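In what follows, a single structure is set out as structure tokens and then discussed.
The shown structure was predicted, so the numbers you read here are calculated from the model rather than taken from an experiment.
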Amino acid sequence: MITIYRARRILTMNPARPVATHVAVRDGRILGAGGLEELSGWGTHDLDDRFAEKVLMPGLVEGHSHAMEGSFWRYVYCGYFERMDPDGRMWPGAQSIDAVVAGLQAAAAAVADARAPLSGWALDPIYFNNQRVVRADLDRVSTLRPVGVLHASAHILNVNTRALELAGLLRAGIDHPGVPLGRDGLPTGELKGPDAMAMAAGHVGFDRSVLAADELGLRQFGRLCVRKGVTTVTDLANLLPDNAVDMMLRVTGEATYPVRVVSLLRLQQLTGRALIDRAAALRAMSTDRLRLGLVKLVADGSIQGFSARMRHPGYYNGAPNGLWYIPHEQLREAYRLALAHGVQIHTHTNGDEATELVLDCIEEALRAHPWPDHRFTLQHCQLADAAQFRRMKALGMCVNLFPNHHFYWGDQHHALTVGPERAERMNACATALAAGVPLAIHSDAPVTPLGPLFTAWCAVNRQTASGRILGEHERIPVSDALRTITLGAAYTLRLDGEVGSIECGKRADFAVLEDDPAEVGAARLKDVRIWGTVQGGRVFPAEGQ
């Protein structure tokens, strides 16, 4: 059966027909977009007027997020800004260490077992005049139960004394770059980077292998996607053990699951040929709503956590350089093997030194194993300069930038982490487009809230939380921003032939909007109201989630 949907306006992202009033759908795919008379030529149809007063655009594509955004809502929200959960409830921010501790204390009082772990998330001490949280702060919550709070960046974990004891870390003589020591010679309770975090994460509820197989979290993630107009979403760094893959196949295969998930295999516990073999095996298991077979590497840490790797002159406040997460030779091996066997890799680089290293490694690997359309993508890549973008273009690479940082951390980057000049070029969307690098933008949820239209607003306006415009020359037009959260993101995932625009043959994936993002103006782009989504021809109102 053919259904023709009528809308107030349809923004197609198809340059041959950019605007339409109707779209015809059969069996979850688009027959065409245009006027009713021409679409009626497809044959007998039902005319559906439910969107007659709405605006349709391609289903939004979130090119860098994590399904943990759904899982973390079972924990205590410790973020600085207010935030909406999958039920649509707004949670207030905790704007001091005392407020964070008070929220954890209230949650602890509600748990009958005084020795059960307590977990919080979205902490970021950079908002507290960069005053670091230490184990004594979390000991105020409990000395009996292990307490852990994951930073907003997800690159640092703070734990209390009890968690350090359980991890065997409450002792002198530890020599690890990710385990800072206090004046007493004992760990402060701050654990930086995956190696250090892993020592205590399981004791405080942040075991990644457990979170990977979190069915409730995956369902919550899907609900949140509908609220934000997202029909294709990434789970960009998953260990993907067999039980997690089985669960994800089952849940995404349900008739009512509302989003297509692209889950990337993270390089951890696997090296060399085993990584490539696992990616190939996963790719063979892909379905329409669960895409597998891509790989994620993490080269360095976070800028606001001072664990990103920086070129000269380093951090503006003189902090030591950050951490390498993967040995250089392991990076080189991964790229060589991936190019040789047709496996796409996305690589996290925050600092410009990490970006430079990855560009060097990929250039070397491409000489040995050319692949004209590899689409290897740099994720975040926040401090790349114009020369690095030119190298990306020459190497056939894509970039997925993180403009939400301008709002959430722009003031801190300007004053503390990288200084005024480099802060103005961070997430250089205009430079990337001028260099011809295929561009996407993202939220990195749960690092910042899921919401591609807000991310687009950040790229268009580059406004910080205090109202500062940070890098006016790197602003991009609304039309380009909308492309980055549709076709741009789809291209980085090799899905641009299926999604990202409303045109004949593609999946019937639409964001259903109350307002027209092409007309509301740059300042109001983040305020566009979202009615829900259509995914594969199935209708999902946000209020039904």
Full working for ring-ring contact (aromatic ring centres under 6.0 Å, His included) between His64 and Phe402: CA-CA 9 Å; His64 186 147; Phe402 196 179; 7.2 Å; no
CA sep, side-chain torsions, deciding dist, call: Thr464, Ser466, side-chain hydrogen bond (donor to acceptor under 3.5 Å, both in side chains): CA-CA 5 Å; Thr464 72; Ser466 71; 3.1 Å; yes
His414/Glu421 under side chain to side chain contact (heavy atoms under 4.5 Å, CB included): CA gap, chis, key distance, verdict: CA-CA 8 Å; His414 184 275; Glu421 179 181 343; over 6 Å; no
CA sep, side-chain torsions, deciding dist, call: Asn404, Thr455, side-chain hydrogen bond (donor to acceptor under 3.5 Å, both in side chains): CA-CA 6 Å; Asn404 287 22; Thr455 300; 3.0 Å; yes
Stepwise salt bridge (Lys or Arg N to Asp or Glu O under 4.0 Å) check, Asp300 with Lys192: CA-CA 11 Å; Asp300 68 340; Lys192 298 183 176 183; over 6 Å; no
Trace of the side chain to side chain contact (heavy atoms under 4.5 Å, CB included) decision for Gln463 with Phe407: CA-CA 6 Å; Gln463 181 175 314; Phe407 180 80; 5.6 Å; no
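Rounded to the nearest 0.5 angstrom, Leu401 CG and Met426 CE are separated by 10.5 Å. Taking CG of Leu267 as the reference point, atom CG of Leu239 lies at 10.5 Å (rounded to 0.5 Å). Here CZ of Phe376 is found 13.0 Å from CG of Leu359. Values are rounded to the nearest 0.5 Å. Between Arg332 atom CZ and Ile326 atom CD1 the span is 12.5 Å, to the nearest 0.5 Å. Considering CG of Leu218 and OG1 of Thr252, their distance stands at 7.0 Å, rounded to 0.5 Å. Separation of atoms CD1 (Ile174) and CG (Leu164) is listed at 8.0 Å; rounding is to 0.5 Å.
A pairwise comparison of heavy atoms in Ala122 and Tyr77 identifies CB-CE1, 3.6 Å as the closest pair. The two atoms that bring Cys361 and Tyr335 nearest to each other are CB-CD1, 3.7 Å, heavy atoms only. Closest approach of Arg145 and Pro117 over heavy atoms only: NH1-O, 4.5 Å. Across every non-hydrogen atom of Val76 and Ala107, the tightest pair is CG2-CB, 3.4 Å. Taking every heavy atom of both residues into account, Ser153 and Gln304 meet most closely at CB-NE2, 3.7 Å. For the residue pair Thr448 and Ser443, the shortest heavy atom distance occurs at OG1-O, 2.5 Å.
Just one of Met248, Arg266, Met68 meets the side-chain contact (heavy atoms from CB on, under 4.5 Å) condition when paired with Asn238; it is Met248. Checking each of His66, His442, His380 against His348 for a ring-ring contact (aromatic ring centres under 6.0 Å, His included) leaves exactly one that passes, namely His380.
Within 6.0 Å of OH on Tyr316 lie no more than 12 heavy atoms contributed by other residues, nucleotides or ligands. Residue Gln131 places its CD atom among 12 or fewer non-hydrogen atoms of other residues, nucleotides or ligands, all under 6.0 Å distant. Around the CG atom of Asn129, the shell of radius 6.0 Å holds no more than 12 heavy atoms that belong to other residues, nucleotides or ligands. The environment of Trp324 atom CH2 is dense: over 12 non-hydrogen atoms of other residues, nucleotides or ligands sit within 6.0 angstrom. Annotation for Arg74: atom CZ counts as buried by contact number, over 12 foreign heavy atoms lying within 6.0 Å. For CD of Glu472, the number of neighbouring non-hydrogen atoms (other residues, nucleotides, ligands) closer than 6.0 Å is 12 at most.
Looking at Gln388, its side chain does come within 3.5 Å of a backbone N or O of Asp352 through a donor-acceptor pair. The closest donor-acceptor contact from the side chain of Arg475 to the backbone of Asn461 lies under 3.5 Å. Proximity of a side-chain donor or acceptor of Asp139 to a complementary backbone N or O of Thr143 within less than 3.5 Å is not detected. At least one donor-acceptor pair closer than 3.5 Å links the side chain of Arg425 to the backbone N or O of Leu383. With Asp87 contributing its side chain and Arg89 its backbone, the two residues share no donor-acceptor pair below 3.5 Å. At distances below 3.5 Å, not a single donor-acceptor pair connects side-chain atoms of Ser65 with backbone N or O atoms of Asp444. Not a single donor-acceptor pair under 3.5 Å links the side chain of Thr484 to the backbone N or O of Ala440. Here the side chain of Arg260 pairs no donor or acceptor atom with the backbone of Leu290 at under 3.5 angstrom. Judged by distance alone, the side chain of Asn158 and the main-chain N or O of Val133 form a donor-acceptor pair under 3.5 Å. Of the possible polar contacts, one joining the Ser142 side chain to the Leu144 backbone as a donor-acceptor pair under 3.5 Å is found.
A parallel orientation is assigned to the rings of His405 and His413, their planes being inclined by less than 30° (bins at 30° and 60°). The aromatic rings of Phe72 and Phe206 sit perpendicular, their planes meeting at an angle over 60°, well past the 30° parallel limit.
The pair Asp85-Arg223 fails the salt-bridge criterion, with no side-chain N (NZ, NE, NH1 or NH2) lying under 4.0 Å from an Asp/Glu carboxylate O. Asp235 and Lys296 are not joined by a salt bridge, as no carboxylate oxygen comes within less than 4.0 angstrom of a charged side-chain nitrogen. A salt bridge does not link Arg462 to Glu474: none of the charged side-chain nitrogens sits closer than 4.0 Å to a carboxylate oxygen. Ionic pairing of Glu356 and Arg309 is not present here: no N-O contact between side-chain nitrogen and carboxylate oxygen is shorter than 4.0 angstrom. The pair Glu69-Arg83 counts as a salt bridge, with a side-chain nitrogen and a carboxylate oxygen less than 4.0 angstrom apart. A salt bridge links Glu215 to Arg219: one of the charged nitrogens lies within less than 4.0 Å of a carboxylate oxygen.
For Tyr408 and Tyr127, the ring centers sit 6.0 Å or farther from each other.
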